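Quick caveat: nothing in here was measured; it's all calculated off a predicted structure. Note that ligands are numbered from 1 as they come in the structure, with each ligand's atoms numbered from 1 the same way.
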Amino acid sequence: MTTALESPTASPLTTLSEEEQMFQQSVRDFAVEKIRPLVPKMDHDAVMDPSLIKSFFELGIMGVEVPDKWGGAGSSFFTAVLVVEELSHVDASCGVLVDVQNTLVNNAILRWGNEDQKSKYFPMLTSDTVGAYALSEAGSGSDAFGLACKAEDKGDHWVLNGQKLWITNAYEAGVFIVFANVNPDAGYKGITGFLIERDFPGFTVGKKEDKLGIRASSTCELILEDCRVPKENVLGEVGKGYKIAIETLNEGRIGIGAQMLGVARGALEHAISYVKERKQFGQKIADFQGVQFQIAQAATELEAARLMVYNAARLKDAGKPFLREAAMAKLFSSQVAEKVTSLSVQLFGGNGYTKEYPVEKFWRDSKVGQIYEGTSNMQLATIAKTILTDKL
Ligand SMILES: Cc1cc2nc3c(=O)[nH]c(=O)nc-3n(C[C@H](O)[C@H](O)[C@H](O)COP(=O)(O)OP(=O)(O)OC[C@H]3O[C@@H](n4cnc5c(N)ncnc54)[C@H](O)[C@@H]3O)c2cc1C
């Protein structure tokens, strides 16, 4: 199969291979037909419908990049990005569940897991087990390497103590990548990644947050009290967890860019339909030039965000540097999402301010894009560092 990257002439970023189109269309159809009817209740109850999670496995989107010998789809990072965009254009909570599974959990195991870990965990993660990625703590968010969770070497096993906060998918997850420090005196060089199963002794999923947006996506505390972890469950090398955490998040934030792209697109699609129906002053509001210009501006910014996200994803698949492009894509698409969803509420007038219409939820869902996987200030810090030390 020829992908856009392998074609003899450079293809436009938005030109999709057959496989990419297939994933895009099947997830788009699923999102519109099966997810959309469930969205208001899931948002109200702040619970993901379990039937959807089952369907994500059946659709093959919980292991997009995982090789087929372990049950995955053996596709690309770019395909995972398309999947996240399509889900998020209907529901950002579904988008982030699948995003964390692919761009953080599977990605970290693909890059740093050994053969035994891959052959044990991938068949689970591609068939019925949701994964979660636990770095943040109450005292360490942007300063992620200041984490306080500790791991002690007990000879034939590790014992972990501490708490994690804000962990996406934790309510549903069966496997968790947890970062803890094996030697706090060594600072970040003591940070180590561990693969933890939900039923390991001493491991508990705690309080679930009641959130502004992405309400159906679970965000929970994790409690580790003398949690016993087998020796073989260290992910990568002891003391190299900081590298896993930073590099996985560099990739993961392209996925968040895709989520925000989907959110902006979903809201704008609703707004475009609405302005073509709603009449004031005896004409459709879409006929007012003032409204047309607002929609044209939003569509332009959405297109710019899309090109940035797609480019960052294609750079990653091509094995080229993408740190700055990923940070820029997340920064910009989360800003565009907040702006475009706000405009969509505005174009719905009073209706936009009620839960009878879908746009207020898109607006609420947009805000988190500027917070998780590195706040906007953290993205700006990364971009500034690369600009001031490298060439533009
Ligand atoms: C819904 C949700 C889901 C999440 N899911 C996960 C998950 O699955 N796994 C996980 O590990 N974490 C997760 N997080 C945590 C998330 O990554 C952190 O919230 C984020 O990194 C910010 O950390 P903080 O909340 O401690 O804010 P802080 O770090 O306290 O930041 C507060 C403010 O200060 C600013 N700030 C901080 N330092 C600087 C600086 N040096 N320069 C300029 N400004 C600065 C920030 O930009 C921000 O505006 C999630 C968070 C949310 C809200």
| request: Give the residue, atom name and distance (to 0.1 Å) of the protein heavy atom nearest atom 43 (C) of ligand 1. | output: Asn377 ND2, 3.4 Å
| note | of all protein heavy atoms, closest to atom 19 (O) of ligand 1 is Ile371 CG2, 4.0 Å
| query | With a cut-off of 4.0 Å, which atoms of ligand 1 are near a heavy atom of Ile167? | reply | 7 (C), 8 (O), 9 (N), 10 (C), 11 (O)
| Within 6.0 Å of CD in Glu277, more than 12 heavy atoms from elsewhere | no
| Do the side chain of Glu209 and the main chain of Glu221 share a donor and acceptor less than 3.5 angstrom apart? | no
| query | Where is the nearest protein heavy atom to atom 27 (O) of ligand 1: which residue, which atom, and how far? | reply | Ser142 OG, 4.3 Å
| So does Asp210 pair up with Arg215, basic N to acidic O under 4.0 Å? | yes
| message | With the threshold set strictly below 4.0 angstrom, can you tell me whether any protein non-hydrogen atom sits that near atom 9 (N) of ligand 1? | response | yes
| field | 4.0 Å protein heavy-atom contact status of atom 14 (N) of ligand 1, strictly under | value | yes
| Does a side chain donor of either Ser51 or Asp49 reach within less than 3.5 Å of an acceptor in the other side chain? | yes
| Can you find a protein heavy atom under 4.0 Å from atom 34 (O) of ligand 1? | no
| request: Within a distance under 4.0 Å of any heavy atom of Lys211, pick out the atoms of ligand 1 and give their elements. | output: 1 (C)
| query | Does the distance from a Lys or Arg side-chain N to an Asp or Glu carboxylate O, for Arg314 and Glu20, drop under 4.0 Å? | reply | yes
| task | Indicate, as side chain, backbone, both or neither, the part of Val368 found under 4.0 angstrom from ligand 1 when only non-hydrogen atoms are considered. | result | side chain
| task | Starting from atom 24 (P) of ligand 1, find the nearest protein heavy-atom neighbour and note its residue, name and distance. | result | Gly141 CA, 3.9 Å
| query | Heavy atoms only: which of Met378, Glu373, Arg215 is nearest to atom 39 (C) of ligand 1? | reply | Met378
| task | Give the residue and atom name of whichever protein heavy atom lies nearest to atom 18 (C) of ligand 1, and the separation in Å to one decimal. | result | Ser136 OG, 4.2 Å
| remark: shortest atom 48 (C) of ligand 1-to-protein heavy-atom contact is with Thr375 CG2, 4.0 Å
| query | Under 3.5 Å, is there a donor-acceptor pair between the Glu172 and Ser218 side chains? | reply | yes
| query | Can a salt bridge be assigned to the pair Lys243 and Glu237 using a cut-off of 4.0 Å between side-chain N and carboxylate O? | reply | no
| field | atom 2 (C) of ligand 1: nearest protein contact (heavy atom, Å) | value | Tyr372 CD2, 3.6 Å
| Protein heavy-atom partner closest to atom 6 (C) of ligand 1 - residue, atom, separation in Å | Trp166 O, 2.6 Å
